[in-house]
Trainee: 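Would you mind keeping the following structure in view while I ask a few things?
Predicted, not measured: the structure shown is a model, and the values here were computed from it.
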Amino acid sequence: MATWIWHPDWTEEPAEASAGALVHFRKSIILSTLHPQPILIRITADTKYKLYINSKLVSIGPVKGDRHLWFYDEVDIRPYLQLGRNNINVRVLRFYYATQHATSFPRLHRPGLFIQHTQAETALGAGCIQSDRTWEAALDQTTILPTEIKEDEFLHVYERVDGRCELATPKWVQVEELQFPNSHGLSAPWKLSPRMIPLSRYQPGYFKSICTVSSALPRSDWERTLLEPGIKKSASSSSSVIRLPAGSEHYLELEADTHMTAFPYFCFEWPRDLGSTLRVTYSECYEDTPYQVPYIRRKENRCDTTKSIIGPQDEYIFGGVAAKSTKSSLPYHESQADEEVFAPFHFRTFRFLAVHIKVSDTADLILKRIDLVKTNYPLQVHADIKLSVADNVYRDMWTTSVRTLTNCMHDCFEDCPFYEQLQYAMDARSSALFTYCISGDARLARQAIHQPHNSYDPRLGLTASRAPAHQQQIIPHFSLFWICMVADHFQRFNQIDFVRQFVPVCDGILESFSRRVDPSLGLVRSVQSPDQWDFVDWAEPWKPMGIPPAVERTGFQSYTSMLYAYTLAAICPLLVAMSRPGMAEEYQIRANAIKGALIASCFDGRFFTDGLAANSDPASDYSQHAQVWAVLCGAATGDVALDIMSECTAPSSRRKFTQTSTAMSFYTLRALAEVGGGLYEERFHEFWAPWKAQLAQNLTTWVEDSVSNRSDCHAWGSSPLYEFMVEVAGVRTVGSGANKSIAFRPRIALFNEFRAKVPILRDDFLGIAHVHWKPEGDAVQLSLSLEFTEGGSIAVSLPDGHIVRMERLEEVRLVLARK
């Protein structure tokens, strides 16, 4: 029977400053026969594991979990087994529980490894590898995960590795079987669940250039060794290795083909002696010395090599041939007989690497290659756009948006892969919507709905702002964004059985905001507690906390009430579909009351203020945010809505409005689309000026924000994906079930010629809408065709308002006047 196992001498109180430690596990089995059918195992660990069979990497996991859902992977190990002896190795990275380090990695109070065969008879026939006392374990004495790196306040995955033999020799002992109650409703702390998302995608990555070389060896030698993406180098190849003489020192800066998330492998021939050192600095760009590390940066042209590569570092001390035999019991690389390899456990995020090598005085060091293996969630992008040559900047914006989104998708939606890798509800809502638009894939989004739900605190009536995470943080507004994620999923996929489980927590959150409604003004009071953060946006005038100054002065911020009313309305269609019309009516009454209170107390007759209008400061209390959310929640409608959005987004506005940041750009666009009057088209091209400026600065992913310039990759900047699919191509599904239809409202005035593939969900399967328009004299020829993966038909509301039912592969052609 499989049990949880661990090293008997493990301690959660490290002697050195490290965020965690690595533990090795091993077992050998002898197979006299090898059956052709799959041999499935379930495997998980706390905190992360890598499984190797016969020196081949088989699986990396688990997906980040929590105390309610701890995920396991189901893996077919049959392709990795062989007749005779088979070496099974697992490397586990355990972050210490009783610290605040490695916030991005949730873990429980006990470490452990668990492996189970899915069928007992299969296990007996193939040799049992499930976790029990037949395994051995060894503590890794070579690796420290430093906690003092200023660039690294969240991850703590960077490594200091000393590979010298006195440390590298593992001391193997029999594992300890962990004992837990298994009756009377008691069980192990990990509540095991199969992973909800597909396995990660792994692809080769490449360096495209060497930016800087400081070495006695010629640049051409380095380029031959490191810049040959088309050549598969064997472990024994010597045609392109580079020999670094004893006592020499070398420094080079490498540029990857784009910003990426990847596992790097630094491969050297086993040196004859120990003591050479390798230091690798990871960076998203070249930059000036930051004002504050890591938060306030000075970045312009990301490829300006006159500036510096600044970032967290890995450090490695070579063990040489003296350590070669000791590492034979840790067969983590197929080429280990010939190579000493430094391979960090967790993936790295970078666009540029600074590599510093100091060779020992007693032996040369031979660099064979640096391999990159990109890793991401396996998003299948079905959407695409094509434009005329004159509009190619928008094509660049599209591909940059796709890259940014995918680089922020691994085992959860991530805010920024370089710094945090945390799943914040506000960020995740945008990422989920963008994912729906370009792929129709809801698997990561469904997991992202479950995880904040699991963090719900009944005492507060709120979810954590980010989940899963090791350290709880409360941003009340983010609980409302989580409810919007639930509503979005229902609107898109109509899966009542999935979303209804979250409604009790949705009601608890909305009730917590209801309790904060001031009885005299009818508005939601601001939070008056240091353990809750009323964050709104990373707007320049609101630094450093992202909160409007009117809040402290008046005790209210209109944004809170607006977001609350917006969320109440958003969840109502789901409640009606669940046959709870009374609850929906109650929510609508609440929303209407809030809207009335906003008009009475936060509207000065022309614009909405950030706090109470009666004592507003004209110099600081007016923002685009207040106008945008007044429109989205319905407090501003008709001519008022059009007027406030026209004025607050006008380049030459007479009033100074605090501008929405990249994070809120999606909602600004939603308000522009909502008010009509051609304002969306009028503002469209100028709206993207910050994105075009980023392309001019040689970014390959979108920045987190332009205020701090901290991260060069944050998925909330990928709003072009939504705009081109839903607003420009104008294809959206409406209704549900048998009443589901397509509304087709392309904005043909935006581009002279345009072509798009738009994913659509029709019941449970994916289809593609093909949209194309081009000029025809003074008019526009517009076409729409539908391609379903199965047969059937669907109602389509055309631009002129009449409805047709379209079959698979049927095309509708229209000629429209260009407005």
Side-chain angles (χ1 to χ4, degrees), residues 379-388 391 394-395 398-399 401-402 405 432-443 445 488-495 573 577 673 680 720-776 779-818:
L379 185 67
Q380 296 297 315
V381 178
H382 299 287
D384 199 9
I385 63 168
K386 292 183 180 179
L387 303 103
S388 65
D391 295 316
Y394 291 101
R395 175 67 188 175
W398 173 267
T399 56
S401 296
V402 172
L405 178 63
L433 287 171
F434 303 159
T435 303
Y436 299 159
C437 285
I438 66 172
S439 73
D441 187 343
R443 292 170 291 183
D488 294 339
H489 190 282
F490 167 71
Q491 188 277 328
R492 179 72 61 159
F493 298 99
N494 195 41
Q495 294 178 346
Y680 183 95
L721 301 177
Y722 188 96
E723 303 312 311
F724 277 107
M725 294 293 98
V726 177
E727 297 295 344
V728 181
V731 176
R732 68 180 77 198
T733 53
V734 294
S736 60
N739 296 320
K740 180 167 283 190
S741 63
I742 292 175
F744 182 41
R745 299 290 186 273
R747 297 182 185 269
I748 60 174
L750 288 174
F751 296 99
N752 189 48
E753 185 170 357
F754 181 81
R755 189 184 296 270
K757 295 195 301 183
V758 184
I760 55 173
L761 285 170
R762 186 179 181 277
D763 300 329
D764 296 326
F765 59 86
L766 188 71
I768 300 292
H770 298 268
V771 177
H772 180 216
W773 69 75
K774 62 182 179 180
E776 187 176 272
V780 176
Q781 184 184 97
L782 171 67
S783 68
L784 170 70
S785 63
L786 303 182
E787 177 184 355
F788 300 140
T789 55
E790 297 179 16
S793 63
I794 193 167
V796 179
S797 174
L798 296 175
D800 61 4
H802 82 276
I803 297 174
V804 299
R805 180 160 286 276
M806 293 182 62
E807 305 288 336
R808 181 175 183 267
L809 300 180
E810 183 178 353
E811 183 178 31
V812 170
R813 291 179 179 269
L814 303 169
V815 176
L816 304 178
R818 185 177 291 278

Trainee: Using the side-chain contact (heavy atoms from CB on, under 4.5 Å) criterion, which residues pair with Val726? Sequence neighbours excluded.
Mentor: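 With neighbours one apart ignored, the set is Cys437, Tyr722, Arg732.
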Trainee: With sequence neighbours excluded, what pairs up with Ser785 under the side chain to side chain donor-acceptor pair (under 3.5 Å) test?
Mentor: none
Trainee: Do Val812 and Leu782 make a side-chain contact, defined as non-hydrogen atoms from C-beta onward lying under 4.5 Å apart?
Mentor: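 No, every pair of side-chain atoms sits at 4.5 Å or beyond.
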Trainee: Looking only at non-hydrogen atoms, find the nearest pair between Val758 and Val731 and report the distance.
Mentor: CG1-CB, 3.9 Å
Trainee: Measure the CG-OH distance between Asp488 and Tyr436 for me, rounded to the nearest 0.5 Å.
Mentor: 6.5 Å
Trainee: For Glu787, which residues count as a side chain to side chain donor-acceptor pair (under 3.5 Å) partner, sequence neighbours excluded?
Mentor: His770
Trainee: Starting at CG of Asp384, measure out to NE2 of His382 and round the result to the nearest 0.5 Å.
Mentor: 12.5 Å
Trainee: The test is side chain to side chain donor-acceptor pair (under 3.5 Å); show your working for Glu723 and Tyr394 and say whether it passes.
Mentor: CA-CA 11 Å; Glu723 303 312 311; Tyr394 291 101; over 6 Å; no
Trainee: Using 30° and 60° as the class boundaries, would you call the ring planes of Phe724 and Phe754 parallel, tilted or perpendicular?
Mentor: parallel
Trainee: Evaluate salt bridge (Lys or Arg N to Asp or Glu O under 4.0 Å) for Glu811 paired with Arg813, printing each intermediate quantity in order.
Mentor: CA-CA 7 Å; Glu811 183 178 31; Arg813 291 179 179 269; 3.4 Å; yes
Trainee: What closest approach, in Å, do Val815 and Glu776 show between heavy atoms, and which atom pair accounts for it?
Mentor: CG2-OE2, 3.7 Å
Trainee: Assess whether side-chain contact (heavy atoms from CB on, under 4.5 Å) is satisfied between Leu814 and Leu784, documenting all intermediate values.
Mentor: CA-CA 9 Å; Leu814 303 169; Leu784 170 70; over 6 Å; no
Trainee: Can you tell me how far CD of Glu753 sits from CD1 of Ile748, rounded to the nearest 0.5 angstrom?
Mentor: 13.0 Å
Trainee: So, using side-chain contact (heavy atoms from CB on, under 4.5 Å) as the criterion, who are the partners of Arg755 when residues are at least two apart?
Mentor: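 side-chain contact (heavy atoms from CB on, under 4.5 Å) list for Arg755, sorted by chain: Lys386, His772.
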Trainee: Are Phe744 and Ser797 packed together at the side-chain level, in the sense that at least one heavy-atom pair is separated by less than 4.5 angstrom?
Mentor: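 Answer no - side chains too far apart.
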Trainee: Would you please name every residue forming a side chain to side chain donor-acceptor pair (under 3.5 Å) with Ser401, sequence neighbours left out?
Mentor: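 Expected list: Trp702.
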Trainee: Checking the side chain of Arg745 only, and the main-chain atoms of Leu798 only, is there a donor and an acceptor separated by less than 3.5 Å?
Mentor: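 Checking the backbone N and O of Leu798 against the side chain of Arg745, a donor-acceptor pair under 3.5 Å is found.
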Trainee: Can you sort out the partners of Ala795 under side-chain contact (heavy atoms from CB on, under 4.5 Å), two or more places apart, ordered by chain and number?
Mentor: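 side-chain contact (heavy atoms from CB on, under 4.5 Å) check on Ala795 returns Ser741, Ile803, Arg805.
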Trainee: Decide yes or no on side-chain contact (heavy atoms from CB on, under 4.5 Å) for Ile385 and Met725, but give the supporting numbers first.
Mentor: CA-CA 9 Å; Ile385 63 168; Met725 294 293 98; 3.7 Å; yes
Trainee: Hey, could you give me the CG/CG distance between Asn752 and Leu387, rounded to the nearest 0.5 Å?
Mentor: 10.5 Å
Trainee: From Phe788 CZ over to Ile794 CD1, what is the distance, rounded to the nearest 0.5 angstrom?
Mentor: 5.0 Å
Trainee: Which heavy atom in Phe490 sits nearest to a heavy atom in Ala577, and how many Å separate them?
Mentor: CZ-CB, 3.4 Å
Trainee: Evaluate the side-chain contact (heavy atoms from CB on, under 4.5 Å) criterion for residues Leu433 and Leu721: first the C-alpha distance (whole Å), next the side-chain angles of each, then the deciding distance (0.1 Å), finally the verdict.
Mentor: CA-CA 9 Å; Leu433 287 171; Leu721 301 177; over 6 Å; no
Trainee: How far apart are the closest heavy atoms of Met806 and Val796, and which atoms are they?
Mentor: SD-CG2, 3.7 Å
Trainee: Would you say the side chain of Trp773 lies within less than 4.5 Å of the side chain of Pro746, judging by non-hydrogen atoms?
Mentor: yes
Trainee: For the atom pair CG (Leu761) and OG1 (Thr733), what is the distance rounded to the nearest 0.5 Å?
Mentor: 6.5 Å
